[in-house]
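One structure is given here, and the rest of the page talks about it.
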Amino acid sequence: MARAEAIIDLGALEYNIKRLLSNTKADALAVVKADAYGHGLVPVAERALKAGAKWLGTALLEEAVALRDAGITAPTIAWLTPVSDDFESALKKKIDLAIPSLDHLDAVIKAGKSLGISPRVHLEVDTGMSRGGALKEWSALISRAGELSKSGGLEVVGIWSHFARADEPNHSFNEEQLHNFRARVSEAREVGISPKILHLSNSAAALTNESSHFDLVRLGIAMYGLSPDVKSMGGSESLNLKPVMKLRARLHIVKDVPAGSQVGYGGTATTKTDTKLAVVAMGYADGVPRNANSSAGVLVGNKKAPIIGRVSMDQFVVEIGNDSIAHAGDWAYLIGSEGGDGYTADAWAEACGTINYEIVTRIGPRVPRVFTN
Ligand SMILES: *Cc1c(COP(=O)(O)O)cnc(C)c1O
């Protein structure tokens, strides 16, 4: 009945997590930010825990709150929480907070004092990415956090950082960041901080660099069955990962057009021969990239049909060819298939100059998620 749907194979999610866990002695944190990379926050979080992940991680506080509101009690960290956030609710709901600066520490301590709760935090150090975490402020941050821990006003659960180039496993910058991380952790221990867990690795490092695993690896893209970087690390299959998301939409119309017909807004493509086109009922408002070129398309009736012309808001046109037996109402698979070789999130990324992460996370709320296995 549905016009379009994203089919989420939770069995594949479980498979990927177990495969990644078999590669490490560390525990796993399932990264479920951005609606679990577009796969559906709560069902993914629940299955990830069942598969053996011990922790959950979100960017936004709202995302962590949604996990708690769904009854999920596993340890959870939110790491992109502007100082204006409602830290009192976070503490009431036993959500761990990342602390990247003195300003954050002050705001969280204030919330803790007003509730009489000792906040659980993970101090975030910038080891070279120049994005999150404390850099020059690190000594001041650990010295203040050390004092607060001694007086019982703070519980430093973890120290963590993030790799900039883990998807280039042989790049020397990874060693540099790892070295900086160890040095910054030693400084924290010297001022009396004794974190229970250290965490640094994302999917790419979890797959390639065991010396960076410490106590916990933060699994994102690989858990969803996709490669952190197809060029440097190979695709899903070579990494022994199973893509979790399939994406399909109905054919709205099938029709014959003559050679020389211009297709879509701006007439950016023209049919070369008399041919058959199909209109797919999904567009950029659903997350299909507007600038995807004809190296992406759909699988319909087990045959690849490339995009022709520009993607519109709610629809796009594919060339199915004269011999196609496709009908209006048939499913067209944008990602994956019912069996054969379909287009992948990697192919869509390639077709519009982005990465698979963006392809899956941008699938919009008009597309229902259907959970299987
Ligand atoms: C998104 C994110 C991850 C997961 O990264 P992947 O490359 O998807 O594995 C890990 N840690 C942090 C802090 C993140 O923001």
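Counting starts at 1 for both ligands and their atoms, following the listed order.
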Exercise for review: Under the side-chain contact (heavy atoms from CB on, under 4.5 Å) rule, what do Arg165 and Gln177 come out as? Steps first, then yes or no, please.
Suggested key: CA-CA 10 Å; Arg165 310 186 73 159; Gln177 283 196 267; 5.5 Å; no
Nitrogen or oxygen atoms of [X] and ligand 1 under 3.5 Å apart:
X: Ala222; result: no
X: Leu219; result: no
X: Arg131; result: no
X: Trp160; result: no

Review point. Can you list the ligand 1 atoms lying under 4.0 Å from a non-hydrogen atom of Lys33?
Key: 1 (C), 2 (C), 3 (C), 14 (C), 15 (O)
**Study point:** Atoms of ligand 1, numbered as shown, that sit under 4.0 Å from any heavy atom of Ile221
**Key:** 6 (P), 8 (O), 9 (O)
[atom] [closest protein heavy-atom partner, distance rounded to 0.1 Å]:
atom: atom 5 (O) of ligand 1; answer: Tyr37 OH, 3.6 Å
atom: atom 11 (N) of ligand 1; answer: Arg218 NE, 2.8 Å
atom: atom 7 (O) of ligand 1; answer: Tyr357 OH, 2.6 Å

Review point. Taking NZ, NE, NH1 and NH2 as the nitrogens, is one of them in Glu338 or Lys246 under 4.0 Å from a carboxylate oxygen of the other?
Key: no
Check your understanding: Less than 4.0 Å between a side-chain N and a carboxylate O, is that true for Lys50 and Glu46?
Key -> no
Check your understanding: Which ILVMFWY residues can you reach from Val257 by hopping between side chains whose heavy atoms are under 4.5 Å apart?
Key -> Ile253, Val263, Leu277, Val279, Ile308, Val317
Point to revise | Selected option - heavy-atom contact closest to atom 9 (O) of ligand 1, from Pro228, Ser203, Gly133, Gly132 | key: Ser203
Check your understanding: Between Thr271 and Gly260, is there a donor-acceptor pair closer than 3.5 Å when you use the side chain of the first and the backbone of the second?
Key -> yes
Show me the donor-acceptor pairs within less than 3.5 Å that the side chains of residues 109-117 make with the rest of the protein, sequence neighbours left out.
unit_1: Ser114; atom_1: OG; unit_2: Glu88; atom_2: OE2; d: 2.7
unit_1: Ser114; atom_1: OG; unit_2: Ala111; atom_2: O; d: 3.2

Study note, to complete from the structure: Asn23 and Ala206 have their tightest heavy-atom pair at ND2-O, 3.3 Å
